[in-house]
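A quick write-up on the structure given underneath.
Bear in mind the structure is a predicted one, so any value in this text is a computation, not a measurement. Whatever order the structure lists ligands and atoms in, that order sets their numbers, starting from 1. Residue numbers start at 1 and run along the sequence shown.
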Amino acid sequence: MHHPPALLRSLAEKVGTPFWLYDARVIRQRIADIQFLTDSEGVQARFAMKACPATKVLREMLAAGIWIDAVSGNEVLRALHAGFSGGHHPPAIALTADVFRDNALDVIREHGVLPNIGSPGQIADLTRAGYTGPISLRVNPGFGHGHVNACDTGGPSSKHGIWHADLLSTKDAAARAGLAVTMLHAHIGSGPQFQELHDNLTRLAADFVALLPHFPDLTAVSLGGGIPHNYRDHGAQVPMEPLHELFDTCHRRLCAAARRDLRVEIEPGRYYVAPGCTLVTRVTDVKQTRTNEKGSGATFAMVDAGFVDLVRPAMYGSYHAIDIVGRDDEDPNMAREPIVIAGPLCESGDIFTRDDHELLAPRQLPRPVAGDLLTLRDAGAYGYAMSSNYNSIGRAPQLWLEESGVVEMISRRETVDDLLKAEGSWPV
Ligand SMILES: *Cc1c(COP(=O)(O)O)cnc(C)c1O
């Protein structure tokens, strides 16, 4: 998604750089894509809100009839604040966690949120907290594929979920505690290849069918998130027709095997929001290192955003499309050269042009000059949500571009007062 340079320049003038720019039209298109996937009776989508918990975004999901998958007590409270309802009829908010910390148990009990537990000992946690409602069990089915290895969500090396061989003993513990298991869940991750995703989901649905006789209280199975977003090539997004067919088939098979109606759930995070936000930053200088006995020289474009804003490249070597605003990147005759994009933090890893192997993976770009704006695209998922206050910089503002063209600031730039707000001196 390319925004007009004049728009970006005028916004940069008004709010400073860096800033995040959400695009309502793109997010609504992604919501419509998932509506198409879930249009069959009995298939329900949840938004994995950890990908982008802004109230504005949550309200888009609410308006579209999407439910919530939260991972902390505070995420649940943010969903309630946005207008979602707790309670088990329907269970519009689920809390998926391998660990209950802080207020998670209190929030589950007080607001009637469906706990989706990923560790057998959490049955005892729930009992101790006085919870007596329905629960969901998150299974580690022994297979799965994340978008990178560090994100594997199923298999022996994954910390997530209850190992499949331990599922029935966990079910027995739940029965002894008087907790009805109403959902089985697995999240096998956003594998990069559609065929792999398709095969994994099919296998998962078959595993769930085999488990049905053991779970008489079941009303739903969740196939998790992991609808991939292609960051490199928007033309190569997942084909929606076969995915629609797959969910439909899973639903029919499960209902047939159970001889009653079961809900099938999916919980996309990144797919909803990844392309719907751009991080806009300013080039402050362009400098060079020179080749010597330690290695080859590189050209560095220094920008005012860093991994405190967008951590995915530094954390996973993730790719984000980069444009120098106002240079026509469609123009094949535009002169390009390998350029490293580096941020302001006191960390040599504060580099946006990285990959799985290389600290510096220079990108072929038109050479910018100081003052140019530079955009990092597809930053809507795990972008602002993962931003931090390292180096005490404060989070950059989030802007929302409505389809009408009106732009609204939905969170302001954090100040030093925000950073100091939680500090004090209390006797303990
Ligand atoms: C993170 C997560 C998701 C969303 O994953 P995406 O790759 O963003 O679609 C869904 N379910 C669970 C349990 C998760 O932890």
Side-chain angles (χ1 to χ4, degrees), residues 27 30-31 33-34 37-38 44-54 57-58 61 66-72 75-76 79 91 93-101 104 113-119 122 135-141 144-155 158-162 183-194 196-198 200-201 204 220-231 237-238 240 243 247 264-277 310-312 315-316 318-320 378-386:
I27 291 178
R30 282 301 176 93
I31 289 175
D33 288 357
I34 302 290
L37 280 186
T38 56
Q44 174 69 42
R46 287 183 193 273
F47 175 46
M49 67 176 281
K50 69 176 193 279
C52 184
V57 170
L58 295 181
M61 305 295 163
I66 297 158
W67 294 355
I68 288 293
D69 181 58
V71 296
S72 71
E75 277 200 351
V76 172
I93 306 177
L95 196 161
T96 298
D98 304 300
V99 174
F100 293 128
R101 63 170 276 182
V113 168
L114 180 68
N116 179 24
I117 65 169
S119 223
Q122 289 176 291
I135 64 169
S136 167
L137 299 183
R138 177 177 186 169
V139 190
N140 178 342
H145 198 319
H147 61 98
V148 293
N149 274 344
C151 291
D152 254 1
T153 47
S158 170
K159 74 176 176 102
H160 294 298
I162 299 164
M183 186 161 89
L184 287 176
H185 168 281
H187 168 58
I188 51 179
S190 322
Q193 299 302 329
F194 176 72
E196 192 180 4
L197 176 74
H198 189 278
N200 278 341
L201 287 175
L204 184 60
V221 302
S222 172
L223 301 174
I227 298 178
H229 171 70
N230 195 319
Y231 287 86
Q237 295 301 340
V238 281
M240 284 290 153
L243 215 48
F247 293 136
V264 166
E265 295 191 358
I266 57 170
E267 50 193 30
R270 79 185 63 240
Y271 189 84
Y272 278 123
V273 288
C277 184
L310 179 63
V311 77
R312 298 183 72 251
M315 191 146 127
Y316 309 124
S318 303
Y319 177 94
H320 286 269
D378 301 273
Y382 310 104
Y384 188 86
M386 282 193 168

>> Could you tell me, atom by atom, which parts of ligand 1 come under 4.0 Å of a heavy atom of G269?
In response: 4 (C), 6 (P), 8 (O), 9 (O)

>> Under 4.0 Å from a heavy atom of T96: which atoms of ligand 1 are those, numbered in the order shown and with their elements?
In response: 13 (C)

> Should you measure from each heavy atom of E267, which atoms of ligand 1 turn up under 4.0 Å away?
Replying inline: 3 (C), 4 (C), 10 (C), 11 (N), 12 (C), 13 (C)

>> Under a 3.5 Å threshold, yes or no: a donor from one side chain and an acceptor from the other, between D69 and T96?
In response: yes

> So between R270, H187, K50, whose heavy atom ends up nearest atom 2 (C) of ligand 1?
Replying inline: K50

> With sequence neighbours left out, what residues match T38 under side-chain contact (heavy atoms from CB on, under 4.5 Å)?
Replying inline: I34, Q35, V43, A45, I266

>> With a 4.5 Å cut-off on side-chain heavy atoms, are I31 and M61 touching?
In response: yes

> Does G224 reach ligand 1, in the sense of a heavy atom lying below 4.0 Å from it?
Replying inline: no

> Any N/O of P268 closer than 3.5 Å to an N/O of ligand 1?
Replying inline: no

> Is A48 touching ligand 1 with its side chain, its backbone, both, or neither, if touching means heavy atoms under 4.0 Å apart?
Replying inline: side chain

> Just by distance, with hydrogens left out, do H320 and R312 show a side-chain donor and acceptor under 3.5 Å apart?
Replying inline: yes

> At under 4.0 Å between heavy atoms, which part of R138 makes contact with ligand 1: side chain, backbone, both or neither?
Replying inline: side chain

> Where's the contact between Y382 and ligand 1, heavy-atom distance under 4.0 Å: side chain, backbone, both or neither?
Replying inline: side chain

>> Are the side chains of N116 and L95 in contact, using a 4.5 Å heavy-atom criterion?
In response: no

>> Under the side-chain contact (heavy atoms from CB on, under 4.5 Å) test against Y272, which residue among I66, I227, V57, I27 passes?
In response: I66

>> Taking the side chain as everything from C-beta on, heavy atoms only, tell me whether V221 gets closer than 4.5 Å to E265.
In response: no

